[in-house]
Structures are given as C-alpha cells and as structure tokens.
Amino acid sequence: MKLDAVPRVRRGVKCTYDQVRAAHVVLFPEGVLVLNETAASVVALCDGARSVGDIALALADEYDGVEASDVASLVVRLVERRVVDVDG
C-alpha cells in the first residue's frame, strides 16, 4: 500500500461503538469487525480526502509509536475485508 493512497469507507459500511461488546465495531454486509481504539481511529480518518501517510501523521499526534507502515498494513486488511476502498 502506497502512502499516497487515499482510503475511504465503502458505501453500506457503518462505524459505531457497541455498548454490549464495549468496543468499536464496523458493520458491513458480510459481517461485523471488532476494532481496537487505534484501528477505529484509522477507519474514522478514511474519509476519501486523507492519504495513508496523512492518516499516520494525524494518529502520531494522538498515539505513541504509530508507524506509517502499520497504518498501511491495516488499510490493506480493511480493503481485503471490503470495509474501505482505495484511490491511488
């Protein structure tokens, strides 16, 4: 995944906080994906305007030890699960 790729949440995908699980989740036609706090922040920033590199920079201000390669790897997994699409 290139750092200049621009991810966006796919249509029909909903990001929410599940009170029962006490966790952030992504609801999509194929199922439910439970996210940790950092992954939920990545998904929230997949707005079709920010690049993977921009997302990594934004998260580095909020969390210690954020690596752009880790964000890129997560975006790849989200694409594979059909949660996000990527331009570029």
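Predicted, not measured: the structure shown is a model, and the values here were computed from it.
Scanning all heavy atoms of the two residues, the minimum distance from A40 to L35 falls at CA-CD1, 3.8 Å. The two residues P7 and S51 come nearest to each other via the heavy atoms CD-C, 4.3 Å. Shortest non-hydrogen contact noted between V66 and L59 is CG2-O, 3.8 Å.
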List the atom pairs, donor and acceptor, that lie under 3.5 Å between side-chain atoms in residues 67-81 and the rest of the protein, sequence neighbours left out.
| residue | atom | partner | partner atom | Å |
| --- | --- | --- | --- | --- |
| S73 | OG | S69 | O | 3.0 |

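In the hydrophobic clustering, V34 connects to V25, L27, V32, either directly or through intervening members, whenever side-chain heavy atoms lie under 4.5 Å apart. Other cluster members for L57: none, since no ILVMFWY side-chain heavy atom sits under 4.5 Å from it.
C46 places a side-chain heavy atom less than 4.5 Å from the side chain of I55. Using a 4.5 Å heavy-atom cutoff, the side chains of D87 and R8 are in contact.
For N36, the side-chain contact (heavy atoms from CB on, under 4.5 Å) partners are T38, A39, not counting sequence neighbours. Applying the side chain to side chain donor-acceptor pair (under 3.5 Å) test to Y63 and every residue at least two apart in sequence or in another chain returns E37, S41.
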After noting the C-alpha distance and the side-chain angles of V26 and K14, does the key distance pass the side-chain contact (heavy atoms from CB on, under 4.5 Å) rule? CA-CA 6 Å; V26 174; K14 182 178 178 184; over 6 Å; no

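Annotation: side chain to side chain donor-acceptor pair (under 3.5 Å) contacts involving residues 19-33, sequence neighbours excluded, comprise D18-R21.
From E62, atom CD reaches atom CG of L45 across 8.0 Å, with rounding to the nearest 0.5 Å.
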